[in-house]
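In what follows, a structure is listed as C-alpha cells, so that the remarks can point back to it.
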2 protein chains.
Amino acid sequence: MLDEKDKSALHDFLLREGLKFSAQRLKVLEVVRRGARHLTAGEIYKHTQAKYPGIGYATIYRTLRLLCQAGLCVELKCEDGVCRYEYAGGAVHHDHLICTKCGRIVEVVDPEIERLQERLFKVNGFLPQRHRMELYGICNRCKK
Amino acid sequence: MLDEKDKSALHDFLLREGLKFSAQRLKVLEVVRRGARHLTAGEIYKHTQAKYPGIGYATIYRTLRLLCQAGLCVELKCEDGVCRYEYAGGAVHHDHLICTKCGRIVEVVDPEIERLQERLFKVNGFLPQRHRMELYGICNRCKK
DNA sequence: TGATATCTTGATAATGATTCTCAAGTTCAA
DNA sequence: TTGAACTTGAGAATCATTATCAAGATATCA
C-alpha cells in the first residue's frame with residue numbers, strides 16, 4: 001500500500017517530464033517506500049518480484065534512477081562499490097555513520113554541518129546541488 | 001624521483017607487515033606522489049608504464065590498495081563509479097567540491113566541519129576512522 | 001471509442017572497472 | 001647461497017550496471 005501523496009508525487013513528476021505511468025514504477029516506489037533502509041538494487045529486485053513477478057533488472061535500475069530524479073529516492077554509494085537506495089519523499093536530508101566492522105549504518109543529521117557546507121559552496125563559487133557525507137568508524141557493539 | 005621520506009615510509013610499512021619491497025611498488029608510489037591529483041587507476045597504469053614498462057593492471061590495483069593501507073594514498077569514490085587516488089603522505093586531510101557539469105574538483109578544508117564530525121562519531125558511540133565528504137554543485141565557470 | 005505516436009518493458013548481451021588465478025620471478029633472512 | 005614466502009604479469013573471471021531492441025502499454029486527439 002502506498003500513500004496517495006507518494007503516488008501523486010510520482011504522477012506529477014511523470015506528467016511534468018512527459019513520461020508515462022506504469023504499474024512497475026508504482027511497485028518499485030512501494031518497495032523503496034516500505035522496505036528497509038539502504039536496500040541494494042538486487043534486494044529491491046527480489047522484493048519487487050514478490051509484488052510484480054516477471055519484472056526485469058533493467059526496469060529496477062531505470063526506475064530507481066527515475067525516482068532519484070523525482071526526488072523520491074536517494075542513492076547512496078557504498079564502500080563495497082554497490083549502490084544502496086532509500087526513500088526520500090519529504091524526508092529530511094541525512095548523512096551516514098557506517099561501522100567498518102559489521103556494516104551497521106546509522107543515520108545522522110547535523111544542521112550546523114549543513115550550514116557550513118553551504119558556506120563552502122558559496123565561498124568557492126559553486127551552485128549547491130547535493131552532497132554526500134559518510135563517516136566511517138567502529139560502532140560501540142564492535143568496539144570491545 | 002621520490003623523497004627519501006616517502007621511500008622509507010613505504011619501507012617501514014612493508015617491514016611492519018612482513019611484506020617485501022619491489023621496484024613496482026616504488027614506481028607506483030612515485031606516480032601517485034608526483035602525478036596530478038585525482039588520478040584513476042587507468043591513468044596511474046599508463047603513467048607507470050612509462051617508468052616501468054610491462055607492469056600489469058593487477059599490480060597497479062594491488063599496490064594502490066597497499067598504499068592506502070600504508071596511509072600514503074587516499075581513495076576517492078567518484079560519482080561515475082570510478083575510483084580516483086591521490087597522494088596523502090603527511091598531507092592535511094581535505095574534502096572535495098565537485099562540479100557536476102565539467103567534473104572539476106576543488107579541494108576544500110573546513111576545520112569547523114571536521115570538529116563537528118568528530119562530535120557526531122562520539123555522540124553515536126563510534127570510534128572514528130575516516131570520512132568522506134563530497135559536495136556536488138555547478139562551478140562558477142559552468143554557471144552561466 | 002479507436003488509432004496512433006510515444007514511452008516502457010523484459011530478456012539478454014555488452015560494458016567496464018576491479019579482482020582472482022596461477023605459474024614464473026624476486027626478495028631477504030639465515 | 002638457499003629456500004620459504006611474497007610478488008608479479010597475463011589473462012580469465014566477477015559483478016554491478018547499461019545498452020539494445022522487439023513486443024507491449026499508455027495517453028492523446030480526433
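By convention in this document, chain letters (A, B, ...) are assigned in the order of the sequence lines, proteins followed by strands, and residues within each chain are numbered from 1.
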Let me know the distance between [atom1] of [X] and [atom2] of [N], rounded to the nearest Å.
X       : N      : atom1 : atom2 : result
B:Tyr52 : C:dT26 : OH    : C1'   : 9 Å
B:Glu17 : C:dT27 : CD    : C1'   : 17 Å
A:Leu66 : D:dT17 : CG    : P     : 17 Å
A:Arg62 : D:dC21 : CZ    : C1'   : 11 Å
A:Leu67 : C:dT8  : CG    : P     : 13 Å
B:His11 : D:dC6  : NE2   : C1'   : 14 Å
A:Leu26 : C:dT8  : CG    : C1'   : 15 Å
B:Leu64 : D:dT8  : CG    : P     : 12 Å

note = Exactly one candidate in A:Thr59, A:Leu10, A:Thr48, A:Leu66 meets side chain to side chain contact (heavy atoms under 4.5 Å, CB included) with A:Val28; the answer is A:Thr48
key: Any donor-acceptor N/O pair, A:Glu118 side chain to A:Arg115 backbone, under 3.5 Å   =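 Such a contact is absent between A:Glu118 side chain and A:Arg115 backbone.
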ask   = Taking the side chain from B:Ser8 and the backbone from B:His11, do they hold a donor-acceptor pair closer than 3.5 Å?
value = no
ask   = B:Gly42 or B:Ala23: which one's nearest nucleotide on DNA chain C is closer to the 5' end?
value =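 Result of the comparison: B:Gly42.
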message = Nearest heavy atom decides the nucleotide; on that basis, is B:Arg65 or A:Gln49 closer to the 5' end of DNA chain C?
response = A:Gln49
task = Go through the steps to decide whether A:Arg84 and A:Glu86 satisfy the test salt bridge (Lys or Arg N to Asp or Glu O under 4.0 Å), and finish with yes or no.
result = CA-CA 7 Å; A:Arg84 276 149 229 276; A:Glu86 60 184 46; over 6 Å; no
inquiry  = Both B:Tyr57 and B:Gly18 contact DNA chain D. Taking the nearest nucleotide for each, which residue is further toward the 5' end?
reply    = B:Gly18
Over all strands shown, is [X] touching base, sugar-phosphate only, or nothing at heavy-atom distances under 4.0 angstrom?
X       : result
B:Gly54 : sugar-phosphate
B:Phe21 : sugar-phosphate
B:Arg25 : sugar-phosphate
B:Tyr45 : nothing

When you measure from the side-chain N and O atoms of [X] to the phosphate of [N], is any distance below 4.0 Å, counting only OP1 and OP2?
X       : N      : result
B:Tyr61 : C:dT18 : yes
A:Gln24 : D:dA25 : no
B:Ser22 : C:dT26 : no

message = Taking donor-acceptor contacts at under 3.5 Å, does the side chain of B:Lys20 reach the base of D:dA5?
response =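 Side chain to base: pair present.
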request  = From the options C:dT12, C:dA29, D:dT17, select the nucleotide whose nearest atom is closest to the side chain of A:Ala58.
outcome  = C:dT12
inquiry  = Taking side-chain hydrogen bond (donor to acceptor under 3.5 Å, both in side chains) as the cut-off, I'd like each qualifying pair that reaches into residues 13-23 of chain B, sequence neighbours left out, listed once.
reply    = none
